[in-house]
Novice: 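Below is the structure I would like to discuss, written out as structure tokens.
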There are 2 protein chains.
Amino acid sequence: MNSSRKKEWHTGAAFLLSQLGAHVAETFGRRIVHLGITRPHAGILRFIANNPASNQLGLAKRLGVLPSRMVILIDELAAKGLVERKRSIRDRRHSELVLTTKGERTLQKLRKIGAQHEADLLAGLTRKEREQLAALGRKIVHHQGLIPEVHPGFRKLGQC
Amino acid sequence: MNSSRKKEWHTGAAFLLSQLGAHVAETFGRRIVHLGITRPHAGILRFIANNPASNQLGLAKRLGVLPSRMVILIDELAAKGLVERKRSIRDRRHSELVLTTKGERTLQKLRKIGAQHEADLLAGLTRKEREQLAALGRKIVHHQGLIPEVHPGFRKLGQC
DNA sequence: TATTGTTATACTCTATAACTATA
DNA sequence: TATAGTTATAGAGTATAACAATA
């Protein structure tokens, strides 16, 4: 409270990014809770929409989630009628994942929510600053070897 | 894999921040694992250094961690000889938390690791870009009502 | 009676590995 | 034998609430 002694660490960009990232993730999670899904679910819906007929294991590998966990996540999406498993005809071991009509509608809602979320997050920045931020972010993502569109927070291999 | 259909979502700043934040947190966690502590531990050490003689409940409230979890975290830090609980003389219910000499040394190591972590993260940016990023980040932190220096990711109230 | 800290426990989540079916 | 998917289970981690000590 009363730390008049100001020898504190200067908050660097790394801490800021981590702090903001956790905040963004948390608030987004709260924004979609009424849809009955969690952030990983939302990420999967989005991924399936962008990559139709993905199979579970490919999805799991791409998103860094364990196959056994992916089964549960897809089960939950299927139980909500958002996703369907279609057995592949050519190789009946594969299930091709497709969005149902309800899943498409949910995705539309997610897009609206995401847009609003983004608008609120950046409300304090000018248009130019927003572009700067996005450009800097993409630059780091690229330099760090991260896969665009793939969120590393879905996997939970011990949180170190 | 072969999604030639490019009607994909444009990755906005919110997703970028969340993605980068998770990446930053994960890599930092890996960098400190050899010290035998986790990110929440590091955050607590840092906080105690900046706010000496904090008590557990204040710390828990400030960091958004449940009191029962804070007990465990402090237990672990105490077991490693990094932190000591000193019963307050004026109110014997309080324990004032202080870093041991070993705790101070660990904090020094954390600072070095943090600096290297930051350097690697920003390696692809010019000096000016780094300043831009930090300024933008601080601006958002302020506008979002986040408490500087306090990481919201330590609490785990269901991940939504 | 309120507050600080602690313990106990139930619960959830995750990871490992075994298993089925297809190839 | 290898791969996609699933199930079972043990372990870790978290939240709730009860509790002891002090005020």
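Proteins come first, then strands; the chains are lettered A, B, ... in the order of their sequence lines, and each starts at number 1.
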Novice: Output the rounded distance in Å from CZ (Arg69(A)) to P (dG11(D)).
Specialist: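 For the pair Arg69(A) CZ and dG11(D) P, the rounded distance is 21 Å.
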
Novice: Could you tell me whether Lys80(B) and Glu76(B) make a salt bridge, using a distance below 4.0 angstrom between a side-chain N and a carboxylate O?
Specialist: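 Result for this pair is no, no salt bridge flagged.
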
Novice: Would you indicate which nucleotide in dG5(D), dT14(D), dT6(C) comes nearest to any side-chain atom of Val71(A)?
Specialist: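 Of the candidates, dG5(D) comes closest.
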
Novice: Tell me whether the side-chain N or O atoms of Ser68(B) pair up with the base of dT14(D) as donor and acceptor below 3.5 Å, since no angle test is needed here.
Specialist: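 Check fails, no donor-acceptor contact within cut-off.
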
Novice: Asn55(B) side chain: which of dA4(D), dG5(C), dT14(D) is closest?
Specialist: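 The answer is dG5(C), which lies nearest to the side chain.
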
Novice: Please determine if a side-chain N or O atom of Arg85(B) lies less than 4.0 Å away from the OP1 or OP2 oxygen of dT6(C).
Specialist: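 Indeed, a polar side-chain atom of Arg85(B) lies that close.
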
Novice: Write down the distance between CG (Leu57(A)) and P (dA23(C)), rounded to a whole number of angstrom.
Specialist: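 Interatomic distance, CG of Leu57(A) to P of dA23(C): 16 Å.
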
Novice: Return the 5'-most residue of the pair Ser88(A), Arg87(B) with respect to DNA chain C, ranking by each residue's nearest nucleotide.
Specialist: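 Its nearest nucleotide being more 5', the pick is Arg87(B).
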
Novice: Tell me the interatomic distance from Phe154(B), atom CZ, to dA15(D), atom P, rounded to whole angstroms.
Specialist: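 Taking atom P of dA15(D) as the reference, CZ of Phe154(B) is at 14 Å.
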
Novice: Between Asp75(B) (CG) and dT6(C) (C1'), how many Å, whole number?
Specialist: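 Distance check: Asp75(B) CG to dT6(C) C1' gives 9 Å.
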
Novice: Which is more 5' along DNA chain C, the nucleotide nearest Arg93(A) or the one nearest Ser95(B)? Just name the residue.
Specialist: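 Its nearest nucleotide being more 5', the pick is Ser95(B).
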
Novice: Could you walk me through whether Lys139(B) and Glu129(A) pass salt bridge (Lys or Arg N to Asp or Glu O under 4.0 Å), step by step?
Specialist: CA-CA 10 Å; Lys139(B) 205 163 179 178; Glu129(A) 285 173 327; 2.8 Å; yes

Novice: Would you say Arg85(B) and Gln56(B) are linked by a side-chain donor-acceptor pair, where the criterion is simply a distance under 3.5 Å?
Specialist: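 Per modelled atom types, Gln56(B) and Arg85(B) side chains form a pair under 3.5 Å.
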
Novice: Can you measure His94(A) atom NE2 to dG5(D) atom C1' for me and round it to whole angstrom units?
Specialist: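 Between C1' of dG5(D) and NE2 of His94(A): 10 Å.
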
Novice: Check the angle between the aromatic planes of His117(A) and Phe28(A) and answer parallel, tilted or perpendicular using the 30° and 60° thresholds.
Specialist: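 Answer is tilted, since the angle falls between 30° and 60°.
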
Novice: Specify the separation, in whole Å, of atom CD1 of Ile74(A) and atom C1' of dA4(D).
Specialist: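 It works out to 13 Å between those atoms.
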
Novice: Tell me the interatomic distance from Gln56(B), atom CD, to dT3(C), atom C1', rounded to whole angstroms.
Specialist: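 Value for this atom pair: 14 Å.
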
Novice: Find the distance Asp91(B):CG to dA20(D):C1' and express it as a whole number of Å.
Specialist: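 From Asp91(B) CG to dA20(D) C1': 15 Å.
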
Novice: Work out which heavy atom in His143(B) is nearest to a heavy atom in Ala123(A); give both atom names and the distance.
Specialist: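 Shortest heavy-atom separation between His143(B) and Ala123(A) comes out as CE1-CB, 3.6 Å.
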
